[in-house]
Amino acid sequence: MCGIVGYTGARRAVEVLLEGLENLEYRGYDSAGISLATQEGIYTQKAKGRLANLRQRLSTGVPESSCGIGHTRWATHGEPSDINSHPHCSGQVSLVHNGIVENYMELRRQLMDKGHVFLSQTDTETIVQYLDLYYQQYKDPIQAIRQTLALIRGTYALAILFADRPGEIYAVRKDSPLIVGVGNGENLVASDIPAILPYTRDYILLEEGDVAKLTGDTVEIYDPDGKLDLPTILHADWDIGAAQKGGYDHFMRKEIDEQPRALESTLSPRIVNGMVDFSIDHIDDAFLSDFRSVQIVACGTAMHAGHIGRHLIEKLARIPVSVEVASEYRYCDPILEKEDLVIIVSQSGETADTLAALRLAKARGARTLAIVNVVGSSIAREAEKVIYTHAGPEIAVASTKAFSVQVGVFYLLAIRLAQLAGQLDAKTCKDMVQALLRIPNDVQQTLQIAADCADAASAIKDASSAFYVGRGLDHCLTMEGSLKLKEISYIHSEAYAAGELKHGTISLITDGVPVIAIATQDALLEKTISNIREVKARGGYVLVICKANTVVPEDAADRVLRLPSSVTQDLFAPLPAIVPMQLLAYYAAVQLGCDVDKPRNLAKSVTVE
Ligand code: F6R
């Protein structure tokens, strides 16, 4: 949800900023812009649309500068347009913003009453205008920043230039991510690690309330009392290749292929002597014992992983679990006590609604456990305990490998919780762990059917609507499969419990409407087959995804995609089974000519409510 980058050092800033923005474009791509600090003042250029439009504008020449800030926007206040693009400038100040100023109407009115004129419809312009006012008054950037932020209600990550201080960048954040990349003779700020990787792997997580001042040679962090902080320098172990396409046409396709390795890296450190063990996460048995119920809170794909988690925990540990949509959670006054465990799931660790849900759970005294991919993200830092997934950077907006590793963690948790609750004996747990360790290989084998999936996609790509059906664990998968298809191919799609279709939605099934049925659960197979026969009888086009040896009557399906024969246990089928659904969506979108990695209207990290 908007990407920010800033550079100060010895290189040509324009190149560093454009490269950084390219690596952050997954965070929003409604417009892009840069400001460069020069001895003559600040030069700003911006353009609606993709980064390519900005590049085009800059191709006629830019002033020499080795210090600047850049922004790629996901529009919230004000339509995507040149004028609403960042950076926003006022007087001596230029800044880029990720977040939302909730009281911007009030601030705007106050400024207009003082005679200020607004050029854009954005909330951000109120920040830059106030900042310029205070800078004129105090002549001190940090004091001006603090005075301005005291007026603001909302969320922000800001990178700021002052015209009379070329070579200096100021940065500050609240509830939106921002890191400081510490290089050799050059320093950066960025919303996320991929933007700094070409220059440095060392970075500082900027604490809320701290203000960072960067020059080419120095990074100073001032705490709210104005004292210099000595921040911890972290090291990103991602290699740069992990954040690049590496010969693939799209990040999404690469990330689908990365799933076996991501699963392996997430599962194996938590298996010690054949048993699940969360020692590396500093989670002991006491933390995982003696609670009344579990609430899993997340958004989108992460929530779908949570639905699988619910099935697994309830089935194995017999503990009641509910799955809650994070954006609803704090508004429905959840019944939540200290005896409850709240599991927060988030790839980015920055999703605003999910973060707010975590804060509510903490305020109510519940135990909180986060399953997060991005190290040091807000959710990871604020939760009582965190289990990091090791998916590596997920760049494609549509989540794939992050989903798989989240589900992987739920298997680990369910097995451990079941053992601690006395529901599974040690031998059964060990057997389950062995089955779990075979999953990366099952997923690898499933990737071999990519060509079949591409072919199957060509049969559904021209549909205006599609339906996904399944029962039990398969129903959880339908939600994720359906979301993947609609978000990247724009084919309208819905997911249903297979038995639910006939309670209304079946009226939408007419000749050729694709229905993708997931049928990996033997105990529910006959029922699912009956449901797809109901669809066939109404002219629907049925594509079944099932295990290698599942008998699907010829007249019940138009096409069958089979998982490899190594997938035998129903409980462990969801991870291989999600692969054909991801591939189906991917190939449908490619065949339709869609922008797979950057679907319209979306952004990777949703840091606004
Ligand atoms: C869909 C997708 C989103 C995210 C959701 C939560 O492909 O990626 O639905 O899953 O926005 O994001 P995180 O996991 O970062 O909290």
Side-chain angles (χ1 to χ4, degrees), residues 252-253 256 304 398 400 446 449-471 474-521 524-548 550-563 577-596 599-601:
M252 182 179 175
R253 186 67 187 84
I256 291 172
H304 299 156
T400 52
T446 312
I449 64 166
D452 278 355
C453 296
D455 196 46
S458 62
I460 62 163
K461 73 169 198 320
D462 295 318
S464 55
S465 238
F467 296 88
Y468 283 73
V469 296
R471 288 172 175 258
D474 288 335
H475 176 226
C476 306
L477 287 179
T478 64
M479 298 182 215
E480 179 53 12
S482 168
L483 177 63
K484 286 292 90 88
L485 183 72
K486 74 179 114 185
E487 70 179 323
I488 59 168
S489 74
Y490 316 137
I491 298 172
H492 167 251
S493 157
E494 290 183 40
Y496 279 91
E500 187 63 15
L501 208 60
K502 58 181 162 299
H503 295 285
T505 309
I506 201 159
S507 65
L508 295 174
I509 305 297
T510 53
D511 273 356
V513 171
V515 176
I516 295 111
I518 322 304
T520 67
Q521 304 294 302
L524 303 168
L525 184 65
E526 281 182 11
K527 306 272 179 214
T528 307
I529 298 282
S530 300
N531 297 138
I532 60 177
R533 279 189 187 286
E534 291 156 11
V535 167
K536 276 296 296 166
R538 279 139 187 105
Y541 173 88
V542 174
L543 167 63
V544 175
I545 296 173
C546 60
K547 298 202 299 274
T550 301
V551 178
V552 180
E554 255 184 38
D555 57 345
D558 294 280
R559 181 164 196 148
V560 181
L561 286 173
R562 292 187 182 276
L563 301 177
I578 195 61
V579 173
M581 282 184 264
Q582 294 166 338
L583 290 167
L584 204 60
Y586 171 79
Y587 285 114
V590 170
Q591 290 162 17
L592 288 167
C594 299
D595 192 345
V596 174
R600 71 182 174 216
N601 304 340

As an exercise, state the distance from [atom1] of [X] to [atom2] of [Y], rounded to the nearest 0.5 Å.
X	Y	atom1	atom2	value
Leu583	Leu561	CG	CG	9.5 Å
Gln582	Arg253	CD	CZ	9.5 Å
Thr520	Leu525	OG1	CG	9.5 Å
Tyr587	Asp452	OH	CG	11.0 Å
Gln521	His475	CD	NE2	13.0 Å
Met581	Leu483	CE	CG	12.0 Å

Can you name the nearest heavy-atom pair linking [X] to [Y], along with the distance?
X	Y	result
Leu584	Cys453	CD1-O, 3.6 Å
Ile532	Ala517	CG2-CB, 3.4 Å
Tyr490	Pro599	OH-CA, 3.4 Å
Pro514	Ile460	CB-CG2, 3.6 Å
Gly470	Thr478	N-CG2, 3.5 Å
Val596	Ala589	CG2-CB, 3.9 Å

With sequence neighbours left out, which residue pairs that include part of residues 457-469 fulfil the side-chain hydrogen bond (donor to acceptor under 3.5 Å, both in side chains) condition?
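Counting only pairs at least two positions apart or across chains, the side-chain hydrogen bond (donor to acceptor under 3.5 Å, both in side chains) contacts touching residues 457-469 are Ser465-His492.
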Going by heavy atoms in the side chains, are [X] and [Y] under 4.5 Å from each other?
X	Y	value
Cys594	Ile488	no
Ile516	Ile545	yes
Thr400	Tyr586	no
Ile518	Val469	no
Lys486	Ile491	no

Please list, chain by chain and in numerical order, all residues satisfying side chain to side chain donor-acceptor pair (under 3.5 Å) with Arg562, sequence neighbours excluded.
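With neighbours one apart ignored, the set is empty.
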Charged N to carboxylate O under 4.0 angstrom, Arg533 versus Asp555?
yes
Looking at Glu480 and Lys484, is any side-chain nitrogen of the basic one under 4.0 Å from a carboxylate oxygen of the acidic one?
yes
Tell me whether Asp558 contacts the main-chain N or O of Leu543 through its side chain, where contact means a donor paired with an acceptor under 3.5 Å.
no
Any side-chain to backbone donor/acceptor pair from Thr550 onto Cys546? Under 3.5 Å, distance only.
no
I'd like to know whether Val513 forms a side chain to side chain contact (heavy atoms under 4.5 Å, CB included) with Leu508, so could you lay out the CA-CA distance, the side-chain angles of the two residues, the decisive distance to 0.1 Å, and finally the verdict.
CA-CA 8 Å; Val513 171; Leu508 295 174; over 6 Å; no
Take Thr528 and Asp474 through the side chain to side chain contact (heavy atoms under 4.5 Å, CB included) test and state the conclusion after the steps.
CA-CA 10 Å; Thr528 307; Asp474 288 335; 5.7 Å; no
What donor-acceptor contacts under 3.5 angstrom involve side-chain atoms of residues 497-506, with partners at least two apart or in another chain?
{"from": "Lys502", "atom 1": "NZ", "to": "Gly499", "atom 2": "O", "distance (Å)": "3.1"}
{"from": "Thr505", "atom 1": "OG1", "to": "Tyr496", "atom 2": "OH", "distance (Å)": "2.9"}

